[in-house]
Amino acid sequence: MSAITVNTLKKRKQAGEKITCLTAYDYSFASLLDAAGIDMIMVGDSLGMVMQGNDTTIPVSIQDMVYHTRCVARGCEHALIISDLSFMSYQASPEQALKSAGKVMKQGAQVAKLEGGEVMADTVRFLTERGVPVCAHIGLTPQSVHKLGGYSVQGRDDASAKQLLSDARSLDEAGASLIVLEAVPSALAAEVTRAIAIPTIGIGAGPDCDGQVLVLQDMLGIYPRPSPRFSRNFLEQGGSVSGAVTAYIEAVKSGAFPGPEHSFS
């Protein structure tokens, strides 16, 4: 297997080949995912919930992200590593974002991920002009859970759907390499995917995104709290952790996942 790059992802979108992604936070799971052939590993600030036991991602620090990125990078040879920039480690200014992105990239991340739409376009442009690939994240943005009033589907009314589409176009034009769409109606996610040149990675955004991502603990059914509707327990199907990862990759590549039961209208 050759190493996955942002150029690989663009070619996958153009060819209509689905992109696979899972989260990981340590060496052992990263090694397993990489060996199974996952395209991307996301070192998500979801570690605040599944690893640290917090109710939200907000308590996660940039030092946490640096540590877990370093652990994951040691287990990867082929997968593209995306690392989240933690809450309040990038919102103050583009310069702050560049400093935080540098911290995770020096540990092995190849892409820095941040949340927000048009308001973050200047920051995305600032980073990409300085050689930092960016993954944007719109729709349900977990770092804004208190502003959103909870974990709810975004873009269901005309105004918010129009704004989400505008957000995606702005981030694409600013130079983002890919965009995560979380908890977005399937039809809107499909429209966004058609409207922009960069790949969309869905999580609760229906089957028409260019790729899919799930939190590893959710797709293995080992998180002690209820998993979101858009997830699926692949361990039941795969019979082992490696079998579950293989089943997930095959389901995403074939279009079998996500199904209607994992999507929103």
Visitor: For the pair K253 and D39, find out whether any cationic side-chain nitrogen is under 4.0 Å from an anionic carboxylate oxygen.
Guide: yes
Visitor: Please tell me whether T8 and T5 have a donor and an acceptor in their side chains that are separated by less than 3.5 angstrom.
Guide: yes
Visitor: With the side chain counted from C-beta on, respond yes when V111 and V6 share a heavy-atom pair under 4.5 Å apart, and no when they do not.
Guide: yes
Visitor: Can you see whether D84 engages Q143 through a side-chain donor-acceptor pair at a distance of less than 3.5 angstrom?
Guide: no
Visitor: Give the C-alpha distance, both sets of side-chain angles, the deciding distance and a yes or no for side chain to side chain contact (heavy atoms under 4.5 Å, CB included) between L85 and K113.
Guide: CA-CA 6 Å; L85 302 185; K113 179 172 159 293; over 6 Å; no
Visitor: Would the distance check show the side chain of D34 and the main-chain N or O of H78 forming a donor-acceptor pair, the cut-off being under 3.5 Å?
Guide: yes
Visitor: Counting N and O atoms only, with roles assigned by atom type, does the side chain of N54 sit under 3.5 Å from a partner on the main chain of T56, one being a donor and the other an acceptor?
Guide: no
Visitor: Indicate yes or no for a side-chain donor-acceptor contact from S93 to the backbone of Q96 under 3.5 Å, with no hydrogens or angles considered.
Guide: yes
Visitor: Verify the neighbour count for atom OH of Y223: are there more than 12 heavy atoms of other residues, nucleotides or ligands below 6.0 Å?
Guide: yes
Visitor: At their closest point, which heavy atom of I198 faces which heavy atom of S177, and how far apart are they?
Guide: CB-O, 3.5 Å
Visitor: Could you pull out every donor-acceptor pair under 3.5 Å between side chains of residues 186-194 and any protein atom, sequence neighbours left out?
Guide:
from : atom 1 : to   : atom 2 : distance (Å)
S186 : OG     : F264 : O      : 3.4
T193 : OG1    : A189 : O      : 2.8
T193 : OG1    : T200 : OG1    : 2.7

Visitor: Between R232 and F257 (side chain of the first, backbone of the second, donor and acceptor by atom type, cut-off under 3.5 Å), is there such a pair?
Guide: no
Visitor: Write down the atom of G155, the atom of S160, and the distance for their closest heavy-atom approach.
Guide: CA-OG, 3.3 Å
Visitor: Does the D172 side chain pair with the main chain of I196, one donor and one acceptor, at a distance under 3.5 Å?
Guide: no
Visitor: Run the salt-bridge test on D210 and K10 with the 4.0 Å N-O cut-off and return the result as yes or no.
Guide: no
Visitor: Please examine the side chains of Q91 and E115, heavy atoms only from C-beta on, and report whether any two atoms are closer than 4.5 Å.
Guide: no
